[in-house]
Amino acid sequence: MFKVENLTKLRLEMAKRGLKAYLIMTGDYHASEYAASYFLSERMYFCPFTGSAGQLLVTLTGAYLFTDGRYWIQAENELENSTIKVIRAGDKNVPSFEEFISQNKLYPLGLNLYMISENEHRYFKKLGVEIINTDFSYLVENRPLLSKEKVFKIDEKLFSKTYKEKIEEIETEIEKQGGQANLVTSLDDIAWILNIRGKDIPCNPVFYSYLYISKEYGTHLFIDKDKIDFSIDGVSIHPYSEILNFVKAHSEIPTLLDPSKVSAILYSSFKNPIDASNPSYLMKAIKGSVEIENIKRIQAIDGLALLKFQKYLEENISNNLTEYDYSEVLRKFRFESKDIFDLSFDTIAACGSNAAQMHYEPTKEKSSVVSSDQMELLVDSGGQYFGGTTDTTRTFLIGKPSKEYIHDYTLTLKALINLSKTIFLDGSTGQTIDIRAREFMWEEGMDYKCGTGHGVSYMLNVHEGPNGFRYRKVADRDDQAKIVPGMITTIEPGVYKQDKYGIRIENNLLCTKAFETDMGVFYKFETITYVPITIESLDLDMMDQKEIDWLNSYHQLVYSKLSPLIKDEELLAYLVKKTQKIVK
């Protein structure tokens, strides 16, 4: 647990080693977006910020947390009286943490080179920053242990390809790129390749491991052997801790390495590295027919849970339940399905000013009462099912909306509809068409300080690349690939006004082929989230007939997907009400 005195203890150790600063990255040895508490505990010990993204820079006289626009409000609140200053990464004229270190000559810099990628290491070198490989995590008291939970196989019927077929395709790609091997360090890629899942990181069904693939030298999995109680035909299994020795013994072999994912320590051990994205990265993003069929089935099951939740919310709004209480109610509805095995992330349930914090997560100890005194309850949630991963946001009206709120809610829906209807030419990226979501807000001088959407995995991490929607390239977000059929991408525009409210509406979009002309191949989106959109918050005068037609058509789709799953007449009547046709 954080105490200001912990920073004093750290600075004493820094001074002994002649360091001007020490940088703590949020992550693990695998460049994971979300990490196990074992890795997160170091930043938490020296900083009270609880968000999932941020770098903590500690100098001999100060401390700085660099975090992006999703967490600015949260960070300011949580770091009050901590002596740590929030740096709004990505804001106008704000340097990156690497540039800040370079500009202020905060080096020699202490940094654990297992915790940064080779690309990050190169950028530091380019800026002239002297790094000393340093790990002060031993200062953390009562540090959590890594999980010993067993990994588990997924039924092959839920995949379009077996793990052997995937490995063969990867071996072919290795040869095409002039290599003889591929070291895969990203945990979701490893789980996807082997059709295995784990429980090492909450809500992310992955397991700490490395995977080495080579037609000549075999396929080798490095994992804590206590966590696996079955063999994998054609795959040699080694202790997780042996990876560095193995790499050194095979350092001469031309090996595909993704410098954005491989740690600086491991990368430096190869004598013939070939910089390349892991072949599995793009393969994983393009879902096959089996995956798509199952995802649609699961989305309907998930939509039913959210429908039950919305009904429960309306019936209990006068009971003064908290945001956390409602998140637990939604969990209960989701776990009525036999197919679910986890949430896909901790539920965001936020009302009023809390909803202006994009990634606010209520806890049992810290949660606001939800009542009709507020206008909205924003709920962003999802589940991990045997058959798919979901991620849906709805902003429910729970009180009397102001004119400003109605305007902003309608603007948000217009943004979602506009991008959802887009037809685009083969070769387009999310950056090419992101403007379709933002244009209405930009016309009014508004913006949301995050991407419009991200890729969604299959029974894996709720965030995945290389597809996404973003109006500009962001260094630490690999979401610039062209969008092609089989990719699933969220669209989640929003309006966030500090000390007022937050609004977000989120659907999942499947890219499909639209048509082909002599000018090329054109693609479109199929919406595969089946949850009613609140219509009571809309200003229909702001919407044109095409937008109203889209909303009516969407609600017909929702009804067609959910009604066959409903046995209760009262719930069916509620669905009819929530999907009723609107007329301008």
Side-chain angles (χ1 to χ4, degrees), residues 25 27-32 35-36 38-39 42 110-122 131-138 143 145-151 163 167 170-171 174 177 179-191 193-194 196 198 200-201 206-276 278-280:
M25 304 292 287
D28 54 26
Y29 299 164
H30 303 264
S32 303
Y38 171 85
F39 294 101
E42 183 179 14
L111 174 59
N112 184 349
L113 293 180
Y114 273 105
M115 294 290 287
I116 66 166
S117 70
E118 172 60 19
N119 272 352
E120 290 166 325
H121 192 215
R122 289 175 187 176
I131 295 177
I132 297 177
N133 188 22
T134 309
D135 182 5
F136 285 133
S137 62
Y138 62 83
R143 191 178 190 188
L145 300 175
L146 285 171
S147 170
K148 290 286 187 180
E149 290 269 8
K150 300 286 188 182
V151 300
Y163 76 90
I167 289 173
I170 291 168
E171 289 172 345
I174 293 170
Q177 298 191 50
Q180 294 180 6
N182 175 208
L183 177 64
V184 186
T185 62
S186 42
L187 304 182
D188 54 337
D189 282 67
I190 296 169
I193 292 167
L194 296 177
I196 293 172
D200 286 6
I201 300 175
V206 297
F207 46 95
Y208 281 105
S209 56
Y210 296 94
L211 186 65
Y212 184 89
I213 299 173
S214 172
K215 184 179 287 186
E216 292 85 356
Y217 302 100
T219 300
H220 303 264
L221 174 66
F222 297 81
I223 184 174
D224 180 344
K225 285 195 168 184
D226 290 340
K227 295 194 299 192
I228 185 165
D229 55 10
F230 53 84
S231 61
I232 308 172
D233 186 39
V235 179
S236 301
I237 298 176
H238 311 263
Y240 178 76
S241 58
E242 286 187 4
I243 183 61
L244 187 57
N245 288 335
F246 181 92
V247 163
K248 288 179 178 178
H250 295 75
S251 62
E252 301 281 354
I253 297 166
T255 303
L256 268 59
L257 299 170
D258 187 337
S260 68
K261 300 184 183 339
V262 176
S263 70
I265 284 286
L266 283 180
Y267 189 95
S268 66
S269 300
F270 285 91
K271 295 178 181 177
N272 292 296
I274 299 173
D275 285 6
N278 292 321
S280 55

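Only this structure's heavy atoms are used, side chains among them; waters, hydrogens and symmetry mates stay out.
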Please identify each residue that fulfils side chain to side chain donor-acceptor pair (under 3.5 Å) with [X], with sequence neighbours left out.
{"X": "N112", "value": "none"}
{"X": "N182", "value": "N278"}
{"X": "H220", "value": "H238"}
{"X": "S117", "value": "E120"}

Contact check, side chains of [X] and [Y], non-hydrogen atoms, under 4.5 Å:
{"X": "V247", "Y": "F270", "result": "yes"}
{"X": "Y163", "Y": "V235", "result": "yes"}
{"X": "I243", "Y": "L183", "result": "yes"}
{"X": "Y208", "Y": "L187", "result": "yes"}
{"X": "F207", "Y": "I196", "result": "yes"}

Supply the atom-to-atom distance [X] [atom1] to [Y] [atom2], rounded to the nearest 0.5 angstrom.
{"X": "L221", "Y": "L211", "atom1": "CG", "atom2": "CG", "answer": "6.0 Å"}
{"X": "I190", "Y": "S280", "atom1": "CD1", "atom2": "OG", "answer": "8.5 Å"}
{"X": "F222", "Y": "Y212", "atom1": "CZ", "atom2": "OH", "answer": "9.0 Å"}
{"X": "S147", "Y": "I201", "atom1": "OG", "atom2": "CD1", "answer": "10.0 Å"}

Heavy atoms only: give me the nearest [X]-[Y] pair and the separation to one decimal.
{"X": "V184", "Y": "I193", "result": "CG2-CD1, 4.3 Å"}
{"X": "L146", "Y": "A36", "result": "CD2-CB, 4.3 Å"}
{"X": "G179", "Y": "I274", "result": "CA-CD1, 3.6 Å"}
{"X": "I174", "Y": "I213", "result": "CD1-O, 3.6 Å"}
{"X": "S269", "Y": "S251", "result": "O-CB, 3.1 Å"}
{"X": "G110", "Y": "T134", "result": "CA-OG1, 3.6 Å"}

TODO: Only pairs at least two apart or in different chains count here, so list each side-chain hydrogen bond (donor to acceptor under 3.5 Å, both in side chains) that has a residue in residues 239-250.
DONE: H30-Y240
TODO: Name all residues meeting the ring pair (Phe, Tyr, Trp, His ring centres under 6.0 Å) criterion together with Y29; count only those two or more places apart in sequence or in a different chain, and write none if there are none.
DONE: F39, Y114
TODO: Output yes when a side-chain donor or acceptor of S214 lies under 3.5 Å from a complementary backbone atom of Q180, and no otherwise.
DONE: yes
Task: Main-chain N/O of Y38 paired to R143 side chain as donor or acceptor, under 3.5 Å - done: yes
What pairs with [X] under salt bridge (Lys or Arg N to Asp or Glu O under 4.0 Å), at least two apart in sequence or on another chain?
{"X": "E42", "result": "none"}
{"X": "D28", "result": "none"}
{"X": "D135", "result": "none"}

Open item on the list: Using the side chain to side chain contact (heavy atoms under 4.5 Å, CB included) criterion, which residues pair with K150? Sequence neighbours excluded.
Closed with: D229
TODO: Hey, could you give me each pair passing salt bridge (Lys or Arg N to Asp or Glu O under 4.0 Å) that has a residue in residues 212-225? Not counting sequence neighbours.
DONE: K148-D224, E175-K215
N/O donor-acceptor pairs under 3.5 Å from side chains in residues 252-268, not counting sequence neighbours:
| unit_1 | atom_1 | unit_2 | atom_2 | d |
| --- | --- | --- | --- | --- |
| E252 | OE2 | K271 | NZ | 3.4 |
| T255 | OG1 | I253 | O | 2.7 |
| D258 | OD1 | S260 | N | 2.9 |
| D258 | OD1 | S260 | OG | 2.7 |
| D258 | OD2 | S260 | OG | 3.4 |
| S263 | OG | L266 | N | 3.3 |
| Y267 | OH | R122 | NH2 | 2.8 |
| Y267 | OH | D275 | OD1 | 2.5 |
| S268 | OG | A264 | O | 3.3 |
| S268 | OG | I265 | O | 2.7 |

- [ ] Please test D200 against V151 for side chain to side chain contact (heavy atoms under 4.5 Å, CB included), starting from the C-alpha separation and ending with a verdict.
- [x] CA-CA 9 Å; D200 286 6; V151 300; 5.9 Å; no
